[in-house]
Amino acid sequence: MNQNIFKASSKIIEISQLGDERGYLSVVEENLSIPFEIKRVFYIYNTKKTVRRGFHAHYKTRQALIAVSGSCKVYLDDTKRKTDVTLDSPSKILILEPNDWHEMHDFSTNCVLLVLASHLYDPEDYIRDYKKFVEVYDS
Ligand code: T46
């Protein structure tokens, strides 16, 4: 089991909406607005409003979550602080650190949640057991 953990605080950042009469354009760049190298991109869509997903933390994967369409909420728990953040704009990015247990919920029907990740997919990087999560991060 990978115990090489990365601990930091998740945060919301705002990026510029570059706009003119044609509409808006927002830019994300690795190691600039996104504080890591982007190794993987995936997106979550067609999630029903009543569904909660996630229910895990990571050992090392850092992620950036952007609701590029619609909105959703993300429940965050670092073993001490628990909070809900709302992603409701393509210019709002949640920098989600591995030590935050997270649950995504309240998806609008048109929500497309874009996720940029610092590592390739590895099921061993997931902590899906809450007790194990507390053991690893409650120090
Ligand atoms: C996270 C939140 C924000 C892959 O095969 N490759 C991938 O890169 C990913 C991300 C998933 N999968 C497979 C694994 C499952 O069979 O896709 C299926 C759904 O994944 P999961 O149940 O992990 O999805 P979520 O929404 O619970 O979590 C996802 C990410 O997995 C996770 O890293 O932090 O979004």
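When a ligand or atom number is given, it counts from 1 through the structure's own listing order. Note that these values count all heavy atoms, side chains included, but never hydrogens, waters or copies made by symmetry.
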- [ ] Please list, by chain and number, the protein residues whose heavy atoms come under 4.0 Å of ligand 1.
- [x] Arg40, Phe42, Ile44, Arg53, Gly54, His56, His58, Gln63, His102, Met104, Tyr121, Tyr126, Arg128
- [ ] Examine distances only and state if a side-chain atom of Lys60 and a backbone atom of Ser118 form a donor-acceptor pair shorter than 3.5 Å.
- [x] no
Task: Members sharing Tyr43's hydrophobic cluster (side chains within less than 4.5 Å) - done: Ile13, Ile15, Val28, Ile34, Phe36, Ile38, Val41, Tyr45, Ile66, Val68, Ile93, Ile95, Val112, Leu114, Leu116
Open item on the list: Between the side chains of Lys80 and Asp138, is the shortest nitrogen-to-carboxylate-oxygen separation below 4.0 Å, so that they form an ion pair?
Closed with: yes
Task: Charged N-O contact under 4.0 Å between Arg53 and Glu103 - done: no
TODO: Please report the closest heavy-atom contact between His102 and Leu76, naming both atoms and the distance.
DONE: CB-CD2, 4.1 Å
Task: Residue pair Ser108 / Asn110, side-chain donor-acceptor N/O under 3.5 Å - done: yes
